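Each remark here refers to the structure printed beneath this line.
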Amino acid sequence: MKRIAVAVLGLGLLSACQPALRGTGDLGLVVERADGRLMVVENSTSTKLASVAGLGDLSHAALVYSRDQRYAFVFGRDGGLTKVDILTGSIVGRVMQSGNSIGGAISQDGSLVAVANYTPGGIKVFDAATLEQVADIPATGPDGKASKVIGIADLSGRRFIYTLYDAGEIWIADLSDLKAPRITKYPNIGKLPYDALITGDGRWYLAGLFGEDGIALLDLWNPDKGVKRILDHYGKGKEALPVYKMPHLRGWAVAGDEVWLPAIGHHQVLVVDKGRWSEKTRVDVAGQPVFAMARPDGRQVWVNFAVPDYSKVQVIDTQTKTVIKTLEPGLAILHMEFTPKGERVWLSARDSDAVVVYDTETLEKVAELPASRPSGIFFTNRANKTGL
Amino acid sequence: MRMFAALTGAMVMVLAAGMASAEVAPARQAKLKDMVDQDCGSCHGMTRHGGLGSPLLQEDLAKLSAEAVIETILEGRPGTPMPPWKAILSREEAAWIAAYLMGELK
């Protein structure tokens with residue numbers, strides 16, 4: 001009798017120790033950059049579930065998700081690559097892979113993680129399961145100098161596309177044979193490409209130029225046609241303002257057949273015809289845009305701004321192309337992320353030490369979470385998107 | 001001659017630092033420190049080890065005069081993404097930041 005009681009008690013304890021089963025589709029991560037820490041958050045409840053510390057220098061940190069949406073690969077400014085299990089809220093692997101990195105990408109099949117580096121320039125590629133380094137590809141320009149790498153994204157197959165900031169080239173690295181990566185180079189794309197993006201369908205790769213007006217465009221359905229220059233008036237122009245913060249192209253907005261891009265050095269957002277790549281119109285906004293992001297249905301574009309206007313956020317109606325509301329969600333809004341179907345948007349208010357959640361229909365605040373100096377917000381549905 | 005230049009440089013630095021602490025109120029100093037970490041940090045790194053912008057560690061800036069650092073902050077570096085900050089910062093504030101970056105102030 002006693003023995004049975006012990007056995008039952010044992011079973012009881014065992015099941016108590018077993019964490020409740022759950023999926024990760026409702027989860028995300030928020031970067032608390034000054035503390036080298038991540039918050040694991042849940043969309044539906046607007047709550048924090050866990051904190052993960054020990055990630056090093058997370059200024060300008062970005063991350064990608066494994067395709068099962070359980071693991072995040074976090075790219076730190078100090079060159080650290082950290083693999084985080086968001087279900088257990090713990091670090092499962094970490095390598096210091098360079099002196100200074102800017103971002104990364106995960107391959108279409110989920111097997112490889114590539115990191116784009118500033119110092120030394122180039123990319124390094126890791127096995128997503130073990131974080132073992134499988135390739136090291138320096139980015140050397142025609143002058144023989146190492147170049148910083150920006151705008152890395154995944155292509156079909158085990159390929160990555162990225163841009164050499166100093167050298168002004170676009171490269172595609174094909175890692176189908178890990179022992180002998182094949183590199184295709186597109187030289188002379190223009191001066192100082194500062195960021196790049198790929199459209200969700202994987203067809204168009206655009207690199208924004210800082211050193212001259214325009215955008216370098218590569219059609220990945222027709223890569224043999226080479227890089228074409230578009231939007232020659234996109235850049236700074238003659239009466240440009242000082243650019244206090246580089247716009248980010250990665251969060252760009254595709255709404256129907258239109259692409260919404262932050263102008264550089266102007267208080268404007270550009271509306272561009274996708275496919276023809278000509279400018280349709282410009283919308284005046286409250287400051288220099290950093291991110292212009294479309295709600296997943298494309299009906300709204302949300303814009304945040306560089307210092308000193310970075311405590312404002314504007315919502316643009318994409319049909320009428322007018323600003324329908326100017327919000328002041330908090331101080332120093334650094335990033336925005338829509339929930340997967342877009343009913344809510346999360347905003348990081350760095351100087352308010354908070355993440356603020358808005359309803360995208362009523363445009364009213366619905367929740368606020370304390371967060372220490374929050375920057376990037378990343379929901380797990382990014383796992384299934386090319387280029388994110 | 002060279003010594004004279006070095007002396008002048010040192011004097012400018014001392015003057016700049018003196019001027020800076022004299023004319024930037026403590027509350028504004030805290031704000032400027034924050035700006036260095038957060039806004040300069042978005043290109044130069046929060047730990048100032050560099051990023052798209054060059055590193056701003058003391059040993060990197062030791063090659064430059066305080067005046068050159070102040071001018072770069074106020075006027076930017078044409079041909080690079082470093083913008084002129086003079087619409088946001090006064091000369092006194094730029095001098096304070098230069099001295100702070102160069103280790104003259106804590």
Side-chain angles (χ1 to χ4, degrees), chain A residues 31 33-36 56-61 76-79 98-103 116-119 121 148-151 165-166 191-195 208-212 235-236 240-248 264-265 288 290 306-310 331-332 334-335 350-351 373 375, chain B residues 24-61 63 69-94 96-98 100-101:
Chain A
V31 175
R33 66 180 191 174
D35 298 327
D57 181 356
L58 291 184
S59 43
H60 207 286
R77 175 44 71 77
D78 55 5
S98 82
N100 197 321
S101 73
I102 180 65
N117 288 318
Y118 278 169
T119 319
K148 295 182 177 106
V149 170
I150 55 105
Y165 172 76
D166 306 283
K191 280 184 206 151
L192 301 181
Y194 64 91
D195 195 15
L209 302 174
F210 191 85
E212 51 194 299
K236 294 168 291 172
L241 301 161
V243 179
Y244 295 122
K245 183 170 176 171
M246 285 291 194
H248 285 56
I264 303 181
Q288 291 183 29
V290 174
V307 65
D309 300 305
Y310 57 6
L331 302 175
L334 293 193
H335 195 224
R350 185 193 72 200
D351 292 353
R373 296 300 177 113
S375 56
Chain B
V24 179
R28 181 66 182 161
Q29 289 181 19
K31 199 95 188 129
L32 293 180
K33 264 187 203 178
D34 207 48
M35 198 172 161
V36 168
D37 286 350
Q38 304 290 343
D39 298 311
C40 305
S42 58
C43 279
H44 297 282
M46 286 186 76
T47 53
R48 296 180 222 156
H49 280 79
L52 200 64
S54 49
L56 298 181
L57 299 173
Q58 273 184 43
E59 59 257 39
D60 302 301
L61 296 179
K63 300 166 208 153
V69 176
I70 295 168
E71 281 310 301
T72 301
I73 294 170
L74 291 175
E75 302 298 331
R77 283 248 170 113
T80 78
M82 176 66 185
W85 291 87
K86 61 186 173 192
I88 292 180
L89 297 170
S90 69
R91 178 161 286 271
E92 290 70 32
E93 289 170 337
W96 188 90
I97 289 175
Y100 174 62
L101 289 174

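All values below were derived from every heavy atom in this structure, side-chain atoms included, with hydrogens, water molecules and symmetry-related copies excluded. Just so it is clear, the structure is predicted and the values come from calculations on it, not from any experiment.
Residue A:Asp166 does not touch chain B at all, counting heavy-atom pairs closer than 4.5 Å. In this structure, the portions of A:Ala34 lying under 4.5 Å from any heavy atom of chain B include both its backbone and its side chain.
Salt-bridge formation is detected for the pair A:Arg350/B:Asp39: a Lys NZ or Arg NE/NH1/NH2 atom is positioned less than 4.0 Å from an Asp or Glu carboxylate oxygen.
The residue among A:Lys148, A:Lys191, A:Lys245, A:Met246 with the most heavy atom pairs within less than 4.5 Å of chain B is A:Lys148. Your options are B:Leu52, B:Thr47, B:Ile88, and the one with the most heavy-atom pairs under 4.5 Å with chain A is B:Leu52. Among A:Tyr165, A:Tyr244, A:Tyr310, A:Tyr118, the residue with the largest count of heavy-atom pairs under 4.5 Å with chain B is A:Tyr244.
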Q) Is there a salt bridge (Lys or Arg N to Asp or Glu O under 4.0 Å) between B:Asp34 and A:Arg373 once you walk through the steps? A) CA-CA 11 Å; B:Asp34 207 48; A:Arg373 296 300 177 113; 3.2 Å; yes
**Q.** Audit row: B:His49, A:Arg77, side-chain contact (heavy atoms from CB on, under 4.5 Å) steps and yes/no
**A.** CA-CA 9 Å; B:His49 280 79; A:Arg77 175 44 71 77; over 6 Å; no
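Residue A:Leu192 comes nearest to B:Pro81 through the heavy atom pair CD1-CD, 4.4 Å, listed as atom of the first residue, atom of the second, then distance.
Formation of a donor-acceptor pair under 3.5 Å by the A:Asn100 side chain with backbone atoms of B:Gly50 is found in this model.
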